[in-house]
Amino acid sequence: MADTKREIERKYEADPGTRLPDLTGVGGVSDVVDRGVAELDAVYYDTDDLRLAAASITLRRRTGGNDSGWHLKLPVAPGVRDELRAPLEDDVPDALAALVRARTRGAALVPLVRLRSRRDVRHLVGHDGALLAEAATDTVRAELLAPGGRKSGRKGHQEGTATEWTEIEVELADDGDPALLDALDKRLRKKGLKSAGTASKLHKALTDTGRLPAPPPAEDGTAGGRILAHLREHADNLVTYDAAVRRDLPDSVHKMRVATRRLRSAFRTFRKVLDRSATDPVAAELKWLAGELGVDRDQEVLAARLTAGVDALPVTLLLGPVRGRLRAWDGAGRAGSRGRTLAVLDSDRYAALLDSLAALLADPPLRPAARKDAGPVLRKALRKDHDRLAARVDRALALAPGPDRDVALHRARKAAKRARYGAEAAAPALGKPAKRFGKQVKAVQKVLGEHQDSVVARRTLRDLAVQAHLSGETAFTWGLLYGREEARAAEAERRLPEVWADVDAGKPRRL
């Protein structure tokens with residue numbers, strides 16, 4: 001994997017010839033050290049239709065300075081990006097291309113813009129001489145490139161294909177205190193500098209030359225506008241977490257799985273807005289993807305639950321090699337899981353799913369209700385989700401404790417999650433009533449989730465007990481853990497009626 005650096009910076013507009021104001025004494029800065037001038041030459045790559053730029057992602061090949069090579073910058077938060085670096089070579093490195101594959105979806109990465117910068121660098125250091133931040137004054141010339149990496153126009157560049165500007169950039173040192181940037185910002189603004197209106201040099205080049213991709217359509221108050229905005233948000237989350245999963249970032253698999261579930265749930269809840277004949281095939285593939293991603297996540301969650309159960313027991317009740325057997329079970333369950341996940345993300349089936357989702361959002365299959373005011377349409381959809389959930393809860397509570405009730409409670413849990421996701425999708429249009437409904441059904445989902453986790457845990461504990469017995473070990477501890485899980489499930493079943501009463505008393509008729 002490419003080297004990674006967290007980049008936290010602020011950018012400011014500057015007139016040609018602007019000098020960096022004196023920053024000595026600001027936020028612990030003891031001295032400003034002149035590090036000289038560097039000549040930088042960078043070519044930025046993207047698809048012809050600017051899919052990376054639309055996501056505020058930059059990919060460049062740069063020479064000059066002390067970090068020549070390929071740089072991929074992925075947005076994390078305003079003013080914060082992760083920069084992944086690879087050695088200098090002619091073509092886009094495979095490691096970086098893989099991280100944007102969900103964005104490019106098979107489209108070629110081609111040279112887009114050439115930026116040549118004269119960078120005047122200053123190091124801001126503390127009393128101990130340690131680097132606190134780097135401030136640079138950049139004089140930049142950007143040129144759009146024609147296919148093949150050539151300048152636009154027969155004789156160099158034409159009007160609208162080149163732009164020049166000066167900017168000041170302040171970047172925090174590794175492990176630096178972000179409060180320093182706030183202190184420096186006050187000094188720079190006091191000296192008349194204004195925050196840059198663009199997040200990156202590429203963004204400014206595209207803005208100045210009129211090439212910046214158009215943003216998604218603004219919501220128009222219709223049901224279709226609200227649901228499409230929701231779908232676009234989570235489709236973008238899906239491909240954002242694709243890169244995070246490939247980088248093996250914490251909780252990334254879970255977040256990607258949630259994005260697939262939210263998309264699928266919206267297709268089902270808002271069937272009056274979107275044509276099922278178009279969304280059902282995509283929803284089926286999203287279900288497949290969630291299932292593939294869930295293999296590793298479910299193992300992780302179950303292992304954490306069982307380990308916590310073992311940790312909670314007095315050592316006198318840990319009879320036999322309990323921890324060793326649990327570690328062996330977890331290791332076998334996780335063996336090859338990351339490789340399987342990456343294989344799914346590199347598969348033709350996943351690529352086809354991304355293409356289908358992009359096509360659906362580009363030309364959405366809207367039904368007549370999509371053109372109506374969002375309020376009445378979304379309220380009706382949430383009421384149907386409530387009624388479905390109510391029927392499943394009532395059925396489950398009417399059954400005697402046992403396997404049939406366990407299955408019915410699991411089906412109610414799925415309905416609660418769907419109702420919650422629907423409420424959260426509708427909340428921007430319906431406001432506090434939808435937020436309140438979403439919070440109430442989330443509480444129901446939590447209780448039902450605790451019950452289902454116990455059902456799954458008991459299956460595994462029984463298997464571990466059988467394995468221990470067949471190996472000549474005592475199964476006492478596994479039986480004890482099984483009994484505790486039974487008690488947790490019984491408590492969840494006891495709490496369900498009172499938690500459900502809060503939802504039912506507030507009937508979503510009041511939405």
Side-chain angles (χ1 to χ4, degrees), residues 223 226-227 230-231 234 257-274 276 279-280 283 286-287 290 294 369 374-456 488-511:
R226 167 82 295 264
I227 299 310
H230 176 78
L231 293 174
H234 293 291
R257 191 183 186 193
V258 169
T260 67
R261 285 174 165 173
R262 286 184 179 274
L263 288 166
R264 181 166 167 256
S265 179
F267 288 150
R268 299 176 69 189
T269 293
F270 303 108
R271 289 173 174 175
K272 293 295 184 181
V273 176
L274 297 165
R276 285 189 59 183
T279 61
D280 279 359
L286 288 168
K287 182 179 181 180
V377 175
L378 302 189
R379 284 190 197 95
K380 187 174 181 180
L382 295 192
R383 289 167 183 166
K384 285 188 175 181
D385 274 356
H386 168 271
D387 292 346
R388 180 183 301 103
L389 173 58
R392 292 188 181 184
V393 169
D394 289 346
R395 169 171 168 71
L397 292 176
L399 295 171
D404 288 344
R405 181 185 244 200
D406 291 343
V407 172
L409 289 170
H410 184 42
R411 293 187 71 237
R413 172 176 172 262
K414 292 180 179 179
K417 183 178 295 186
R418 175 173 165 182
R420 171 194 161 196
Y421 287 164
E424 291 170 353
L430 301 182
K432 289 183 180 180
K435 292 179 181 179
R436 181 173 58 250
F437 177 56
K439 185 176 181 180
Q440 290 171 335
V441 293
K442 183 179 180 180
V444 174
Q445 177 194 333
K446 184 176 180 180
V447 171
L448 291 170
E450 170 64 17
H451 182 274
Q452 177 62 15
D453 287 348
S454 176
V455 171
V456 174
R488 292 175 73 173
E491 173 62 13
E493 291 185 38
R494 185 196 67 77
R495 290 183 55 216
L496 177 59
E498 61 188 60
V499 176
W500 172 245
D502 290 339
V503 179
D504 221 27
K507 297 272 187 190
R509 308 297 168 197
R510 300 178 184 175
L511 283 170

Rounded to the nearest 0.5 Å, what separates atom CG in L231 from atom CZ in R262? 12.0 Å
Drop me the distance from H230's NE2 to T269's OG1, to the nearest 0.5 angstrom. 8.5 Å
Between L389 and A416, what is the shortest heavy-atom contact and its length? CD1-N, 3.7 Å
Where A425 and F270 come nearest, the two heavy atoms and their spacing: CB-CE1, 4.0 Å
Does R494 come within less than 4.0 Å of E491, counting only side-chain N to carboxylate O? yes
Looking at E450 and R495, is any side-chain nitrogen of the basic one under 4.0 Å from a carboxylate oxygen of the acidic one? no
How far apart are the C-alpha atoms of L378 and I227, what are their side-chain angles, what is the distance that settles it, and do they pass the side chain to side chain contact (heavy atoms under 4.5 Å, CB included) test? CA-CA 9 Å; L378 302 189; I227 299 310; 3.8 Å; yes
Would you check, one step at a time, whether the test side chain to side chain contact (heavy atoms under 4.5 Å, CB included) holds for L286 with F267? CA-CA 11 Å; L286 288 168; F267 288 150; 3.8 Å; yes
Partners passing side-chain hydrogen bond (donor to acceptor under 3.5 Å, both in side chains) against [X] (at least two apart in sequence or in another chain):
| X | result |
| --- | --- |
| D280 | R276 |
| T260 | none |
| R264 | none |
| Q445 | R420 |

Take atom NZ in K417; do more than 12 heavy atoms of anything else shown fall under 6.0 Å from it? yes
Run the numbers on K272 and K384 for side chain to side chain contact (heavy atoms under 4.5 Å, CB included), then give the verdict. CA-CA 11 Å; K272 293 295 184 181; K384 285 188 175 181; 3.8 Å; yes
Which class fits the ring pair H386 and W500: parallel under 30°, tilted 30 to 60°, perpendicular over 60°? parallel
For residues 438-448, pull every pair meeting salt bridge (Lys or Arg N to Asp or Glu O under 4.0 Å), keeping only residues two or more places apart or in separate chains. none
Salt bridge (Lys or Arg N to Asp or Glu O under 4.0 Å): which pairs involve residues 388-397, sequence neighbours left out? D385-R388
Output side-chain donor-acceptor pairs under 3.5 Å for residues 406-413, partner residues at least two apart or in another chain, one line each.
{"residue": "D406", "atom": "OD1", "partner": "H451", "partner atom": "NE2", "Å": "3.3"}

Going through the distances and angles, do V441 and Y421 end up as a side chain to side chain contact (heavy atoms under 4.5 Å, CB included)? CA-CA 10 Å; V441 293; Y421 287 164; over 6 Å; no
Distance-only, no hydrogens or angles: does the R418 side chain make a donor-acceptor pair with backbone N or O of R268 under 3.5 Å? yes
Quick one: does V447's side chain get under 4.5 Å of E493's, heavy atoms only? no
Hey, does L382 have a side-chain heavy atom less than 4.5 Å from the side chain of L430? yes
Once salt bridge (charged side-chain N to carboxylate O under 4.0 Å, His left out) is applied, do any residues pair with R261, and if so which ones, sequence neighbours excluded? none
Counterpart residues, side-chain contact (heavy atoms from CB on, under 4.5 Å), relative to P428 (two or more places apart): R226
